[in-house]
Asker: 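Following this message is one structure expressed as structure tokens.
Since the structure is predicted, the reported quantities are computational estimates derived from the model, not experimental observations.
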Amino acid sequence: MQHKIDVEKLGPQGEIMAHAIEACVHCGFCLPACPTYQVLGEEMDSPRGRIFLMKEVLEGNLNLEEAQPYLDKCLGCQGCVTACPSGVPYGELITTYRAWSETKRHRSPFQRLFRIGLQETLPYPARFRAAVALGRLGQPLKPLLPPLLQAPLELLPNQLPKAEPLPELVPAEGEKRARVAFLAGCAQQVLQPGFNHATLRVLAHNGVEVVIPKGQGCCGALAMHTGERERALRFARTNLEAFAGEYDAIITNAAGCGSGLKEYPLLFHGEPEQEKAQALAARVKDIAVFLAELGLKAVPPLSRPLKVAYHDACHLAHAQQVRAEPRRLLRSIPGLELLEIPEGELCCGSAGTYNLEQPQIAATLGERKARNIIASGAELVVTGNIGCFTQIQSHLRKLGREIPVLHTLELLDRAYRQSPILPGR
Amino acid sequence: MTLLEELGRFFPPGRLLHKPGELVPYESDALTAFRARPLAVVLPESHEEVVQAVRWCARHRIPYVARGSGTSLSGGSLPIDGGLLIGLNRMNKLLRLDPQERIAVVEPGFINLQVSNAAAPYGLYYAPDPSSQPVSTIGGNLAFNSGGAHCLKYGMTSNHVLGAKVVLPDGETVVLGSESLENTGPDWLGLFVGSEGLLGIATEITLRLLPKPETYHTVLAAYDALEKAGEAVAAVVASGLLPGAMEIMDSLAIEAAEAAVRAGYPREARALLIVELEGEAPQVEAEARYLDEVIRRSGAYEVRVAQSAEERLKIWKGRKAAFSAVGRLSPDYIVQDGVVPRSRLGQALSEIERLSARYGLRVANVFHAGDGNLHPLILYNGRVPGELERAEELAGEILRLCVALGGSITGEHGVGMEKKAYMPEMFSEADLEAMRRIRRALDPFELSNRGKMFPGGEAPALHQAGPHPLERAGIISRE
């Protein structure tokens, strides 16, 4: 699309946005891929509609607040990026636009407080842990609270697993095949510490030495995707330092964190650390990709055949275009039958803090995903992202079908250790 | 009571859009050169609501446009400045599927590809397959008599629609056609299909389903010259074979498709020909041997046959994405949709190549070679002064070339806004007047999709860059 955006006035970020808008030909191929268009059925809530809105705001033809409700409803799932034939980097556009508009838009003091609350809690495991405890005390008050505060309480687990601190180094078992650095993630450490321990065991078993660099923090994706650029830059600078050493790869086991690290070049576009950011991003690999490339040591057969559905996390499938590798890992487990989930490319509605900020749409999508999983006939669902994990688990439970959910690496770890895959069997 | 308040009696706030932020995304369809802001958008969910919307328009003489997914490449679903836009995408239910009768009854917002998906468990499918089939709606397909790669063998949308419930421009409901192929009396449905939204809005459409071909034989042939591929098409036709589809892509289109979907095409080819046979296994097998012989003799330097369903889909994926994928090669481009007689294909292509060189602009060619439907994509950079104007002139020359060779100004995208100034090149004033009289018989105030298809009329508002005179007349577009 042609545009009249004053790129010079907007600076390096303006270039990114203008470039994405130019690439859009408004053909509409993104419509069926967009979860909000599927649910809401209106052009404003479609990728090309949002591109149109952003263009008009950036050109100065439309009041920013008029467009905001629709841009806020975007999950940032990037399903449209996969579907787009003309290669519009929509993810870069929405992230950059959100950062640009955040400083200009109006938010009520309550909304502001809520957002700061999330940003100051989720990325810090100790604070998150404390907040969960506090939230449990607040459960009885839930019906009295405004809807914005009910959603987070709804998603709180009944019981938090015990904190299990990670070592600084996990040696390789047997011959050393690689040396990697590992990003531990933030919310995941609190909600499902088992993901990291399973990942570390599988890596070690496969001859990989893992360094968990001290001083690392949240990847910053949460802040970046909600327009908090300065906050994201702070997190990212910390990680540029922490991961500066020589490693064969920087490994993540959460889709959102992986794509967050890969977005550092976008975040640092026009900043002095641009080159460093590119160097880091180039070494980032999702655990599934890393293991598939390395080649897994043989996995012992399961004690009985198992039907497993793999759920594509958007930040793996769409943002990182990683689909084949996790499936390849799963297929290497003898006795495992891999199933596809109908409408598998559609987001589950978790999307970072989206399920906290847009609980209604998130719940509609969560239920749709849960129904599709049930329809697949799977006995077990696996995925490579903590957000999806929580969302899927909660919606399967709501439908009264407690199909167990595991991280891909948890399943692999259990298979290696020949421990029971499903609870109670 | 204001006009909008009156409309609000029939539509709740979420389905009556009128704020600027709600209207902006509806200002264009897939032809973004044209933009117009409607007074309001309504999103009906039933036949009755469509009737209410149309009656409101008739009562106040407000022009309206019906639209599905808004994928028109000719600006056919462009809103009217100050008019009503009736968005039918929420009327997307499959009302009935009868595998015995081989019919499907759908609402207008039902997506083309979903028809085949719904029919698949019964071994049936819906044949018309425009490249936009994962997105475009049956309502829009009906209005523009959409084609697709496979209409060479199976015909256009008009050959697959059996009946339609239609809301006429005065708000009356009529049923055209029936569930049967045999009808008595004039073919009213035939008149309605392809009328580009000028005669009313279909709210229920009965489609014919066909048994899925038992097997496919999909051949991808690479050539070192575009003419050779064109001649190969003529040779296949002359051989007496009737493939399901015959498609050509030139080197630029190959480059774009590869960039978009990595279809695995031979990148250095100057032209690719896709030929697909389909039907019962013994027949396809026999025809395949014959086809392979014809292709071998046509001078292809590389021939690949799809060995699996995945390989076949991959070949088609590249072809179907080629259009939008050209956006990767050039910041701007104009899509054309002309038709030439199959026998003049080679001539048309070398003429286009000559024109391309003369204007100094790249032209990518993707086309339904089997029925002579060309889709030249003229690449330009809108920021280079004068390039847009050159591209516009070139587009105009290509269309005139099609008419001169005995073809047509549109194969399947429709006239819409884009080609209306070209109608007099194809039709005499008497022809056009006859068409106008039919329209006015049903819509004396020309409310339904006003300003489209017929030459002249109001130019739509262009908000950005000053419109070029040709653009204002609807001959050319910027994308």
Asker: So, for A:V25 and B:T32, which heavy atoms are closest and what is the spacing to 0.1 Å?
Answerer: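 For A:V25 and B:T32, the tightest heavy-atom pair comes out as O-CG2, 4.5 Å.
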
Asker: For B:R262, I'd like to know if atom CZ has over 12 heavy atoms of other residues, nucleotides or ligands within 6.0 Å.
Answerer: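 No, not enclosed.
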
Asker: Is the CD atom of A:Q360 crowded by more than 12 outside heavy atoms at less than 6.0 Å?
Answerer: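 Open: at most 12 neighbouring heavy atoms sit under 6.0 Å from CD of A:Q360.
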
Asker: Side chain, backbone, both or neither: which part of B:L17 has a non-hydrogen atom closer than 4.5 Å to chain A?
Answerer: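 Looking at B:L17, just its side chain touches chain A.
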
Asker: What is the minimum heavy-atom distance between B:A30 and A:C27, and which atoms define it?
Answerer: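 In this case the closest contact between B:A30 and A:C27 is CB-CA, 4.0 Å.
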
Asker: Roughly how far, to the nearest 0.5 Å, is CG of B:L329 from OG of A:S86?
Answerer: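 One gets 10.5 Å once the value is rounded to the nearest 0.5 Å.
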
Asker: Need one label for A:I51: side chain, backbone, both or neither, based on atoms under 4.5 Å from any heavy atom in chain B.
Answerer: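 A:I51 has no heavy atom closer than 4.5 Å to chain B.
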
Asker: Salt bridge check, A:E42 against B:R90: does any charged N sit closer than 4.0 Å to a carboxylate O?
Answerer: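 A:E42 and B:R90: salt-bridged.
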
Asker: Checking side-chain contact (heavy atoms from CB on, under 4.5 Å) between B:P25 and each of A:H26, A:M44, A:E56, which is the one that passes?
Answerer: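 Only one of A:H26, A:M44, A:E56 forms a side-chain contact (heavy atoms from CB on, under 4.5 Å) with B:P25, namely A:M44.
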
Asker: Determine whether more than 12 heavy atoms belonging to other residues, nucleotides or ligands lie under 6.0 Å from atom NZ of A:K9.
Answerer: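 Result for NZ/A:K9: open.
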
Asker: So do the side chains of A:Y37 and B:N89 get within less than 4.5 Å of each other, counting heavy atoms only?
Answerer: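 Contact flag for A:Y37/B:N89 side chains = yes.
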
Asker: Given that the side chain runs from C-beta out, which part of A:C84 has a heavy atom under 4.5 Å from chain B: side chain, backbone, both or neither?
Answerer: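 The answer is the backbone of A:C84.
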
Asker: What's the separation between atom CG in A:D45 and atom CD in B:E22, rounded to the nearest 0.5 Å?
Answerer: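 Interatomic distance, A:D45 CG to B:E22 CD, rounded to 0.5 Å: 10.0 Å.
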
Asker: Under 4.5 Å, counting heavy-atom pairs only, tell me which of B:D29, B:L113, B:I111 racks up the most with chain A.
Answerer: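 Result: the option with the highest number of such pairs is B:D29.
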
Asker: So do A:F52 and B:R35 actually touch side chain to side chain, heavy atoms under 4.5 Å?
Answerer: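 With C-beta onward as the side chain, the pair touches.
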
Asker: Are B:R383 and A:E22 packed together at the side-chain level, in the sense that at least one heavy-atom pair is separated by less than 4.5 angstrom?
Answerer: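 The answer is yes; the side chains approach within 4.5 Å.
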
Asker: Can you tell me how far apart CD (A:E43) and CG (B:L23) are? Round to the nearest 0.5 Å.
Answerer: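 That separation rounds to 12.0 Å.
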
Asker: Using non-hydrogen atoms only, which part of B:V261 is less than 4.5 Å away from chain A: side chain, backbone, both, or neither?
Answerer: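 The answer is neither part of B:V261.
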
Asker: Any idea which heavy atoms bring A:P32 and B:P134 closest together, and the distance?
Answerer: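 Reported closest heavy-atom pair: CG-O, 3.4 Å.
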
Asker: Which atoms of A:R50 come close to chain B, meaning under 4.5 Å heavy atom to heavy atom: side chain ones, backbone ones, both, or neither?
Answerer: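 When you check distances to chain B, no heavy atom of A:R50 falls under 4.5 Å.
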
Asker: Looking at chain A, which one of B:P20, B:G14, B:A325, B:G382 has the largest number of heavy-atom pairs inside 4.5 Å, strictly under?
Answerer: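 When all of B:P20, B:G14, B:A325, B:G382 are compared, B:P20 has the most.
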
Asker: Pick one of side chain, backbone, both or neither for B:S72, based on which atoms fall under 4.5 Å of a heavy atom in chain A.
Answerer: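 Contact with chain A is absent: no heavy atom of B:S72 under 4.5 Å.
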
